Amino acid sequence: MQSNILSLVLIVTQLIFISGFSQAQPSEPRLSKSDYIQRYGQQAVKEMHAIGVPASITLAQGMLESDYGNSPLAKYANNHFGIKCHKGWEGPSFIQDDDEANECFRKYYDAQDSYRDHSEFLRTRDRYASLFDLKTTDYKGWAHGLKRAGYAT
């Protein structure tokens with residue numbers, strides 16, 4: 001009888017502890033589409049003027065690749081474009097599963113560095129060279145060209 005009471009007291013104590021003291025931390029609010037555009041739109045325009053990638057393309061890729069800045073890669077590595085380490089990358093990295101397990105992704109100090117690297121990545125790869133012959137207003141041409149060039153799986 002006494003062991004049953006002791007067991008009951010322990011169970012009640014655990015339930016009180018679980019319900020009252022160990023509540024999960026509130027999660028960060030998710031960025032919406034408009035939040036993302038508000039936060040990163042100017043950076044996309046800046047990159048368009050500096051490198052020539054249309055701001056609409058940069059924003060669209062950033063939004064899709066990062067789930068509007070909500071993906072673990074965007075949150076913990078500031079990588080908004082899913083750019084992998086590739087040969088020659090000497091910066092910090094972030095490991096996560098993608099097409100294969102434990103793939104290496106570039107990690108950035110902040111999202112602006114990710115935006116700059118995205119522009120440079122496109123500008124310095126031969127397979128994207130023809131895109132820079134298009135006008136920055138030709139977002140359809142850029143989108144089709146990126147797909148043809150095999151930007152992402």
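Below, all heavy atoms of this structure are taken into account, side chains as well, without hydrogens, waters or symmetry copies. Here the structure is a predicted model, which is why all the values come from computation and not from measurement.
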(message) Tell me the closest heavy-atom pair linking Glu65 and Ser71, and the distance in Å.
(response)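 In this case the closest contact between Glu65 and Ser71 is O-OG, 4.4 Å.
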
(request) Would you name the heavy atoms of Phe94 and Lys107 that are closest together and state the gap between them? (result)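 Closest approach of Phe94 to Lys107, heavy atoms only: N-CB, 4.3 Å.
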
First locate atom [atom1] of [X], then atom [atom2] of [Y], and finally report the distance between them rounded to the nearest 0.5 Å.
X      : Y      : atom1 : atom2 : value
Met63  : Ser32  : CE    : OG    : 8.5 Å
Glu103 : Asp98  : CD    : CG    : 5.0 Å
Tyr115 : Met48  : OH    : CE    : 13.5 Å
Tyr40  : Thr58  : OH    : OG1   : 14.0 Å
Leu146 : Leu131 : CG    : CG    : 5.0 Å
Lys140 : Leu134 : NZ    : CG    : 14.0 Å

Shared hydrophobic cluster for [X] and [Y] (ILVMFWY, side-chain gaps under 4.5 Å):
X      : Y      : answer
Trp89  : Phe121 : yes
Ile57  : Ile51  : yes
Val45  : Tyr139 : no
Phe105 : Phe81  : no

Are there more than 12 heavy atoms of other residues, nucleotides or ligands under 6.0 Å from atom [atom1] of [X]?
X      : atom1 : value
Arg127 : CZ    : yes
Tyr128 : OH    : yes
Asp126 : CG    : no
Tyr76  : OH    : no

For [Y], does its backbone N or O pair with a side-chain atom of [X] as donor and acceptor, under 3.5 Å?
X      : Y     : answer
Ser66  : Gly62 : yes
Ser114 : His80 : yes
Asn70  : Leu31 : yes
Asn79  : Ile83 : yes

(request) Would you kindly say whether His118 and Gln61 are connected by a side-chain donor-acceptor distance under 3.5 Å? (result)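 Per modelled atom types, His118 and Gln61 side chains form a pair under 3.5 Å.
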
(message) Just to verify, which of Arg116, Gln112, Gln42 counts as forming a side chain to side chain donor-acceptor pair (under 3.5 Å) with Glu47?
(response)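 Output: one option passes, namely Arg116.
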
(request) Using the six-membered ring wherever Trp is involved, compare the ring planes of Tyr68 and Tyr36 and label them parallel, tilted or perpendicular (cut-offs 30° and 60°). (result)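 Tyr68 vs Tyr36 ring planes: perpendicular.
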
Is [Y] close to [X] at the side-chain level, that is, under 4.5 Å between some pair of heavy atoms?
X      : Y      : answer
Asp117 : Tyr108 : yes
Arg30  : Asp67  : yes
Leu122 : Tyr151 : yes

(request) Using the side chain to side chain contact (heavy atoms under 4.5 Å, CB included) rule, take Asp110 and Gln43 through it: C-alpha gap first, then chi angles, then the decisive distance, then the call. (result) CA-CA 12 Å; Asp110 59 29; Gln43 186 65 33; over 6 Å; no

